[in-house]
Amino acid sequence: MAGEEEERGIRVRGMQFSYQGVGQQPPLFLDFHLNVSPGSRCLLVGANGSGKTTLLKILAGKHMVGGRDVVRVLNGSAFHDTQLVCSGDLAYLGGSWSKNVGSAGDIPLQGDFSAEHMIFGVEGTDPDRRDKLIELLDIDLQWRMHKVSDGQRRRVQICLGLLHPFKVLLLDEVTVDLDVVTRVDLLDFFREECEQRSYNCICNSHF
């Protein structure tokens, strides 16, 4: 079982992490340990500023922490083994779907193109999986992305992020703009993925 967890699970050993330039604040993580077995569904719970988003980003390989053996995902180094993300085995969905525009800061990602153009433009997808996600998220393929609401834009973002099957999925409050019914349907989808495929899902979310 230990070998299987190494190959398909998540393991953190003695992790320490702090942000640079925060004065004399103590480390956000100090000698932190974590084991997530294959097929697990985990919900991160904690106060604002407790490090939930930071932990997800570390597991997603967005921050370098210690050596190659400190944070291991699917038996690879979360930060160093870029093939984890490139292959789609490790997927991270989080933050607002936005872009930087000069002094205006972040604005919602938008353009005069359809949801169909974006979703069907992703290569190598399973048509059945794609159709299932479109139906589950109640996406109108004729939506123009420069005219949709925040909730509709979020649905397209989630769909794009899930088109390729994952082995580890990290979710950071991506359901905040969704209605309750869609959140429940999405949770059922994640449960099915984890139970049938022994995948892992860790959520910092409003389910």
Side-chain angles (χ1 to χ4, degrees), residues 4 7-10 36 38-42 56 59-62 73-76 78 81-99 108-207:
E4 181 184 8
E7 291 293 334
R8 301 168 61 189
I10 298 171
V36 179
S40 298
R41 302 185 305 276
C42 304
L56 289 175
L59 296 178
K62 297 182 180 296
V73 177
L74 301 174
N75 204 27
D81 294 345
T82 56
Q83 184 60 24
L84 285 171
V85 174
C86 293
S87 66
D89 288 345
L90 173 58
Y92 171 85
L93 280 175
S96 60
W97 206 14
S98 61
K99 62 180 179 180
L109 184 63
Q110 51 189 297
D112 188 10
F113 39 78
S114 67
E116 180 180 23
H117 174 80
M118 297 193 70
I119 295 171
F120 281 75
V122 178
E123 297 181 354
T125 60
D126 177 3
D128 291 336
R129 182 182 180 88
R130 180 186 62 209
D131 293 344
K132 180 178 181 179
L133 286 167
I134 291 171
E135 180 179 1
L136 183 152
L137 293 164
D138 195 20
I139 294 173
D140 183 342
L141 294 176
Q142 301 310 308
W143 282 344
R144 307 304 298 184
M145 298 310 297
H146 68 303
K147 295 181 178 180
V148 296
S149 67
D150 290 341
Q152 291 168 332
R153 184 179 294 107
R154 180 71 77 178
R155 291 166 189 260
V156 176
Q157 179 191 16
I158 294 173
C159 181
L160 290 171
L162 298 177
L163 283 175
H164 292 290
F166 56 85
K167 293 183 179 179
V168 172
L169 176 64
L170 308 171
L171 299 167
D172 188 14
E173 297 190 348
V174 296
T175 63
V176 65
D177 298 315
L178 302 181
D179 60 77
V180 174
V181 174
T182 304
R183 292 182 192 180
V184 172
D185 290 342
L186 196 57
L187 181 58
D188 288 340
F189 174 81
F190 294 145
R191 180 183 294 112
E192 179 182 313
E193 291 279 289
C194 293
E195 291 178 350
Q196 294 184 3
R197 305 172 186 267
S198 292
Y199 291 168
N200 298 299
C201 180
I202 302 181
C203 305
N204 169 27
S205 192
H206 294 273
F207 281 120

Enquirer: Which residue pairs pass the side-chain hydrogen bond (donor to acceptor under 3.5 Å, both in side chains) test with at least one member in residues 119-131, sequence neighbours excluded?
Expert: Arg129-Glu193
Enquirer: Between Cys201 and Cys194, what is the shortest heavy-atom contact and its length?
Expert: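 Smallest heavy-atom distance, with atoms named: CB-SG, 3.7 Å.
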Enquirer: Hey, does Leu90 have a side-chain heavy atom less than 4.5 Å from the side chain of Leu59?
Expert: no
Enquirer: Tell me the ring-ring contact (aromatic ring centres under 6.0 Å, His included) pairs involving residues 147-175, sequence neighbours left out?
Expert: Phe166-Tyr199
Enquirer: Taking side-chain hydrogen bond (donor to acceptor under 3.5 Å, both in side chains) as the test, write out the residues that go with Asp188, two or more places apart.
Expert: Arg191
Enquirer: Can you tell me how far OG1 of Thr175 sits from CG of Leu93, rounded to the nearest 0.5 angstrom?
Expert: 11.0 Å
Enquirer: Output the distance between atom OG1 (Thr182) and atom CD1 (Ile158), rounded to the nearest 0.5 Å.
Expert: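 Rounded to the nearest 0.5 Å, the OG1-CD1 separation comes out at 9.0 Å.
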Enquirer: Could you list the residues that satisfy side-chain hydrogen bond (donor to acceptor under 3.5 Å, both in side chains) with Ser87, not counting sequence neighbours?
Expert: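 Here the qualifying residues are Asp89.
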Enquirer: What pairs meet the ring-ring contact (aromatic ring centres under 6.0 Å, His included) rule with one or both residues in residues 118-140, with sequence neighbours excluded?
Expert: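 Matches after skipping sequence neighbours: none remain.
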Enquirer: For the pair Met145 and Val148, evaluate side chain to side chain contact (heavy atoms under 4.5 Å, CB included) and give the outcome as yes or no after the intermediate values.
Expert: CA-CA 6 Å; Met145 298 310 297; Val148 296; 4.2 Å; yes
Enquirer: Could you pull out the closest heavy-atom pair between Ile119 and Cys159, with the gap in Å?
Expert: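 Looking at all heavy atoms of both residues, the closest pair is CD1-SG, 3.9 Å.
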Enquirer: State, to 0.1 Å, how close Pro38 and Asn200 come at their nearest heavy-atom pair, and which atoms those are.
Expert: CA-OD1, 3.4 Å
Enquirer: Show the atom names and distances, to 0.1 Å, of all donor-acceptor pairs under 3.5 Å that link a side chain in residues 132-141 to residues at least two apart or in another chain.
Expert:
residue: Lys132; atom: NZ; partner: Glu192; partner atom: OE2; Å: 2.8
residue: Asp140; atom: OD1; partner: Gln142; partner atom: N; Å: 2.9

Enquirer: To the nearest 0.5 Å, tell me how far Ile202 CD1 sits from Arg41 CZ.
Expert: 13.0 Å
Enquirer: Which atoms form the tightest heavy-atom contact between Val36 and Ser40, and what is the distance?
Expert: CG1-CB, 3.6 Å
Enquirer: Kindly compute the distance separating CG (Leu56) from CD (Glu173), expressed to the nearest 0.5 Å.
Expert: 9.5 Å
Enquirer: Tell me the closest heavy-atom pair linking Val85 and Ala60, and the distance in Å.
Expert: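 For Val85 versus Ala60, the nearest heavy atoms are CG2-O, 4.1 Å.
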Enquirer: Report yes if some heavy atom in the side chain of Lys147 is under 4.5 Å from a heavy atom in the side chain of Gln152; otherwise report no.
Expert: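 Side chain of Lys147 against side chain of Gln152, heavy atoms only: no contact under 4.5 Å found.
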Enquirer: Has Arg183 got a side-chain atom pairing as donor or acceptor with Leu178's backbone, closer than 3.5 angstrom?
Expert: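 Between the backbone of Leu178 and the side chain of Arg183 there is a qualifying donor-acceptor contact (under 3.5 Å).
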Enquirer: So, taking the atom named CG in Leu169 and the one named SG in Cys203, what distance separates them when rounded to the nearest 0.5 Å?
Expert: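 SG of Cys203 is found 7.0 Å from CG of Leu169.
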Enquirer: Say you draw a straight line from CG of Leu171 to CZ of Phe190; how long is it, rounded to the nearest 0.5 Å?
Expert: 4.5 Å
Enquirer: Under a plain distance cut-off of 3.5 Å, with no hydrogens placed, do Gln157 and Arg154 share a side-chain donor-acceptor pair?
Expert: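 A pair is found: one side chain offers a donor N or O, the other an acceptor, under 3.5 Å apart.
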Enquirer: So do Val73 and Asp81 actually touch side chain to side chain, heavy atoms under 4.5 Å?
Expert: no
Enquirer: One pair to check against side chain to side chain contact (heavy atoms under 4.5 Å, CB included): Arg197 and Lys167. What are the steps and the verdict?
Expert: CA-CA 8 Å; Arg197 305 172 186 267; Lys167 293 183 179 179; over 6 Å; no
